[in-house]
Amino acid sequence: MRILFFLFLSFLSFAQQTTKVDFKTAKGNISVDVNQKKVFGTVNYVFEVKETIDTIKIDAQKMTFSDVKINKKSVKFSNSGKTLNLFEGFKKGKNTVTFYYEAFPKQTMYFVDKRQVWTQGQGKYTSHWFPSFDDVNEKVIFNMTVSFDENYNVIANGFLKNSYVKDHQKKWYYEMKKPMSSYLLALVIGDFYNKIIASKSGIPLQFFIQPKDTAKFEPTYRHSKQIFDYLAKEIGVKYPWKLYKQVPVEDFLYAGMENTTCTIFAQDFVVDEIGFNDRNYINVNAHELAHQWFGDLVTAKSGKHHWLQEGFATYYALLAEKEIFGDDYFNHQLYRNSLQLRNAAKTDTIPVMNEKASSLSFYQKGAWALHFMREKIGAKLFQKAVQNYLKKYQFKNVETSDFLAEVKKVAPNFDTVAFQKMWLEDYHFPTDVANEILRKSSFMQTLFDVQQLRKKSFAENKDTFAELLKSDLFYPIKTEIIYQLKDVNFADKKELLELAMQTNDIKVRQSVAEFMDEIPLEFKAKYETFLDDKSYETREIALIKLFNAFPESQAIYLEKAKNWYGNNDLGLRTTFLLLSQMTDTFDENQKQNYFNELIDYTSSKYESSIRQNAFSAAFQAKQPIDDIVLKNLVNATSHHKWQMTKFARDYIRNLLKTPLYREKFENLISNLPENDKNQLQKLLNEK
């Protein structure tokens, strides 16, 4: 209760500050020291005092300050460890504050093995690396000058107005013209190639990629211009900033982040031609771009209204995908989301309009709410309401009632009260309402009909299945059929499997590869064609199943796969390396070389997705696990990415159940770096 009361007072205090003090502009002149994992420099804020206030606070987590001046005069200040507190020297009206600061960020600014530095301030965390404002309602025009090694690129919000080199240090000056919330402040440092193209409206689109990935540039950024042009037209409000940049970084915490003018996204979405068919950037690309309007231009006042950002971005991303992939794809994605929401509601009782709502609620249910509204009032009125909403509240903060009021103005007969109750305040998902909308699609109606065939026998369905597999219907209908064939005797379903494979649809063929538990000898040659599909995921499924089903052909399969690497996580490569340890195809020297390569992938030189695959494969291989793997696993418990940390800790917990591994870890602990030693000791002490 005391904690809740304290949090309430903290929120109240900052809410009161924004009514009495308005920070207008910020000029940061900072440097980043990779070796010390340190950021430091000077900051200049211009602010207006509108009402009498005792103390003005700037959020600053575990920073040190010096040379603090208000209106060019040195002043006393206090540092709580969380805020820089100013209590003298300012007056009503316009003021300036300047100071020098140093920080060693433990979060928000991440140093990735000295290859890259990037920030992720989602919510209220920018104050860990730059003195700023955790309150999203305080919007400031940020201008940043950043100093770093001239051999790297520095990317930040806004236009690069100027850059120059002095003593091997380069200064980049980035300028913004419009205000934004502090959580949208961004910085990326790394080695990047970039390409600029013009959108239909003339806005420059700047795409970054690492030099080693230049061959992946086109498939990674495929449809990017089309997405930008479509969203600008569909939203109907001019893109609110002067340019748009996108940059992939290693071991990013999420899929992407919509920093103003500069989306940062995960390296896993950097793909080649084949990888594009497994996992492409299109949805994330469109989602983060939509946020430039919904979140960056107009920002929710509090977490309760977070759906105004995530629901809108999710829905407009789906609309962009509809433009690229068609109506059937769009409706199928809505259907898949509806199934997730219906199942989640069995245990998740927190509605959308609650700051503790799940991501699924904020994103997918928020998107479904907007789709329902658009269907009910029509696309044109929906667009008009959105346009009015964005124009009225541009560079401001909003609540749900602000948006619904604009809807009511253009569609007075639409019951916004009932809408809010059903979609935003009730945790249940209205499946019947959603399905009624989905059934307007002939494709979805056919899919529902095919699902009902599960109640009939295979003999009754066989001819229907054959006709559907021969048709040009969208793939989910055909993968549904393959699913229903899973437990049917092979002789009975052989003809249908062949029809499915003849579609040459990557997803349909993948479902055949996946759902065949046994591969009869007579089907071996046909199944082997999966090894040539333009999908790394299909190839991996087929490689494992063929390797296990036909030991006499293992040498052929491994020879075919020896130069496969797969997607960014190297899943296909680590599968090959694992299989190399389970065959007599290679001599002991070759096996050891391949095992050494696998062990190398567990080290911190590689991204977490690669390391996780390598750890899993290494412990399955028929080789004794040496201390290097165990040390790398312990090291992973301190990774900045929580998914990796959880993976490593859970893996060690399971290993500790075996006396042999417990002894290995106990013998290892004295030779570990201090932080790794502490992490392992905690796990050893668990009961």
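Computed from a predicted structure; not experimentally measured.
The minimum heavy-atom distance between Ile30 and Met144, with the atom names listed, is CD1-CE, 3.7 Å. The two residues Thr220 and Lys216 come nearest to each other via the heavy atoms OG1-O, 2.7 Å. Considering every non-hydrogen atom in both Thr602 and Ala614, the closest pair reads CG2-CB, 3.6 Å. Here the closest heavy-atom approach between residue Ala636 and residue Met644 is recorded as CB-CE, 3.5 Å. Residues Asn613 and Asp569 approach most closely at ND2-O, 3.1 Å, considering heavy atoms. The two residues Pro240 and Gln292 make their nearest non-hydrogen contact at CG-O, 3.5 Å.
Counting only distance, with no hydrogens or angles, the side chain of Tyr221 and the backbone of Gln246 share a donor-acceptor pair below 3.5 Å. With hydrogens and angles ignored, the 3.5 Å screen pairs a side-chain donor or acceptor of Asn397 with a backbone N or O of Val136.
Contact check for Val39 versus Pro105: side-chain heavy atoms found under the 4.5 Å cut-off. Contact of the Asn259 side chain with the Ile264 side chain is registered, since non-hydrogen atoms from C-beta on lie closer than 4.5 Å. The side-chain heavy atoms of Ser201 and Phe228, taken from C-beta on, include a pair separated by under 4.5 Å. Looking only at side-chain heavy atoms (C-beta outward), Asp296 and Glu258 come within less than 4.5 Å of each other. For the pair Val34/Phe148, a side-chain contact is recorded, criterion being any heavy-atom separation below 4.5 Å from C-beta on. Residues Cys262 and Tyr174 have side chains not in contact (no heavy-atom distance under 4.5 Å, counting atoms from C-beta outward). Met176 has its side chain within reach of Thr261: a pair of non-hydrogen atoms, C-beta onward, lies under 4.5 Å apart.
Under a cut-off of 6.0 angstrom, the local environment of CG in Leu684 is crowded, with over 12 non-hydrogen atoms contributed by other residues, nucleotides or ligands. Residue Lys91 qualifies as enclosed at atom NZ: its count of foreign heavy atoms under 6.0 Å is above 12. Remark: Lys641 NZ is packed, more than 12 non-hydrogen atoms of other residues, nucleotides or ligands lying under 6.0 Å away. Within a 6.0 Å radius of NZ in Lys646, no more than 12 heavy atoms belonging to other residues, nucleotides or ligands are found. Enclosure of atom CG in Asn685 by more than 12 non-hydrogen atoms of other residues, nucleotides or ligands within 6.0 angstrom is indicated.
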Exercise for the section: Evaluate side chain to side chain donor-acceptor pair (under 3.5 Å) for Thr299 paired with Lys139, printing each intermediate quantity in order. Expected result: CA-CA 10 Å; Thr299 311; Lys139 294 199 170 192; 2.8 Å; yes

Practice task
Assess whether salt bridge (charged side-chain N to carboxylate O under 4.0 Å, His left out) is satisfied between Glu218 and Arg222, documenting all intermediate values.
Solution key: CA-CA 6 Å; Glu218 190 284 325; Arg222 188 173 294 170; 2.6 Å; yes

Practice task
May I have the step-by-step check of ring-ring contact (aromatic ring centres under 6.0 Å, His included) for Tyr164 and Tyr173, ending in yes or no?
Solution key: CA-CA 9 Å; Tyr164 62 90; Tyr173 172 55; over 10 Å; no

Practice task
Take Ser224 and Asn285 through the test side chain to side chain donor-acceptor pair (under 3.5 Å) and record every step on the way to the result.
Solution key: CA-CA 7 Å; Ser224 290; Asn285 188 343; 2.8 Å; yes

Exercise for the section: Using the ring-ring contact (aromatic ring centres under 6.0 Å, His included) rule, take Phe252 and Phe269 through it: C-alpha gap first, then chi angles, then the decisive distance, then the call. Expected result: CA-CA 11 Å; Phe252 196 54; Phe269 291 105; over 10 Å; no

Practice task
Carefully, step by step, assess Asp134 and Ser127 under the rule side chain to side chain donor-acceptor pair (under 3.5 Å).
Solution key: CA-CA 7 Å; Asp134 293 346; Ser127 59; 2.9 Å; yes

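Between the CZ atom in Phe615 and the CD1 atom in Ile610 there is a gap of 12.0 Å [rounded to 0.5 Å]. To the nearest 0.5 Å, atoms OG1 (Thr126) and CG (Leu184) are separated by 7.5 Å.
Each salt bridge (charged side-chain N to carboxylate O under 4.0 Å, His left out) pair with one or both residues in residues 600-615, not counting sequence neighbours, appears once here: Asp600-Lys605. Applying the ring-ring contact (aromatic ring centres under 6.0 Å, His included) test to every pair with at least one member in residues 77-101, sequence neighbours left out, gives these pairs: Phe65-Phe99. The side-chain hydrogen bond (donor to acceptor under 3.5 Å, both in side chains) analysis of residues 668-677, with sequence neighbours excluded, yields the pairs Ser638-Asn675.
Here Trp118 and Tyr110 bring their ring centres to under 6.0 angstrom of each other. Separation of the Phe265 and Tyr281 ring centroids falls under the 6.0 Å cut-off. Taking the six-membered ring for Trp and the full ring otherwise, the centers of Phe395 and Trp241 sit less than 6.0 Å from each other.
Here Phe47 pairs with Phe23 under the ring pair (Phe, Tyr, Trp, His ring centres under 6.0 Å) rule; sequence neighbours left out. In terms of the side chain to side chain contact (heavy atoms under 4.5 Å, CB included) criterion, residue partners of Thr25 (sequence neighbours excluded) are, by chain and number, Val46, Ile141. Evaluation of the ring pair (Phe, Tyr, Trp, His ring centres under 6.0 Å) rule for Tyr601 yields Tyr606 as partners, not counting sequence neighbours. Not a single ring pair (Phe, Tyr, Trp, His ring centres under 6.0 Å) links His639 to another residue, sequence neighbours left out. Shown here are the side chain to side chain contact (heavy atoms under 4.5 Å, CB included) partners of Thr119, two or more places apart in sequence or in another chain: Met109, Trp129, Ala186, Leu187. By the side chain to side chain contact (heavy atoms under 4.5 Å, CB included) test, Ala317 is found to be paired with Asn283, Ala286, His287, residues two or more places apart in sequence or in another chain being considered. Annotation: side chain to side chain contact (heavy atoms under 4.5 Å, CB included) contacts of Lys38 (sequence neighbours excluded): Asp33, Gln36, Phe40, Glu102, Phe104. Under the side-chain hydrogen bond (donor to acceptor under 3.5 Å, both in side chains) criterion, Asp167 pairs with no residue, sequence neighbours left out.
Between Lys177 and Glu175 there is a salt bridge, since at least one side-chain N of the basic residue sits less than 4.0 Å from a carboxylate O of the acidic one. Between Glu399 and Lys304, no side-chain nitrogen of the basic residue sits less than 4.0 Å from a carboxylate oxygen of the acidic one, so the salt-bridge criterion is not met. Under the 4.0 Å criterion applied to side-chain N and carboxylate O atoms, Lys24 and Asp22 are assigned as salt-bridge partners.
Defined by atom type and a distance below 3.5 Å, a donor-acceptor pair is missing between the side-chain atoms of Lys69 and Thr98. For the residue pair Asp251 / Ser608, a side-chain donor-acceptor distance below 3.5 Å is found, with atom types taken as modelled. Side chains of Ser78 and Asn85: a donor on one and an acceptor on the other come within 3.5 Å. Glu150 and His168 are linked by a side-chain donor-acceptor pair at a separation below 3.5 angstrom, with hydrogens and angles left out of the test.
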Under 3.5 Å, sequence neighbours excluded: what are the donor-acceptor pairs made by side chains of residues 202-213?
{"residue": "Gln206", "atom": "NE2", "partner": "Asn194", "partner atom": "OD1", "Å": "3.0"}
{"residue": "Gln210", "atom": "NE2", "partner": "Glu250", "partner atom": "OE2", "Å": "3.1"}
{"residue": "Gln210", "atom": "NE2", "partner": "Gln267", "partner atom": "OE1", "Å": "3.4"}
{"residue": "Asp213", "atom": "OD2", "partner": "Gln267", "partner atom": "NE2", "Å": "2.8"}

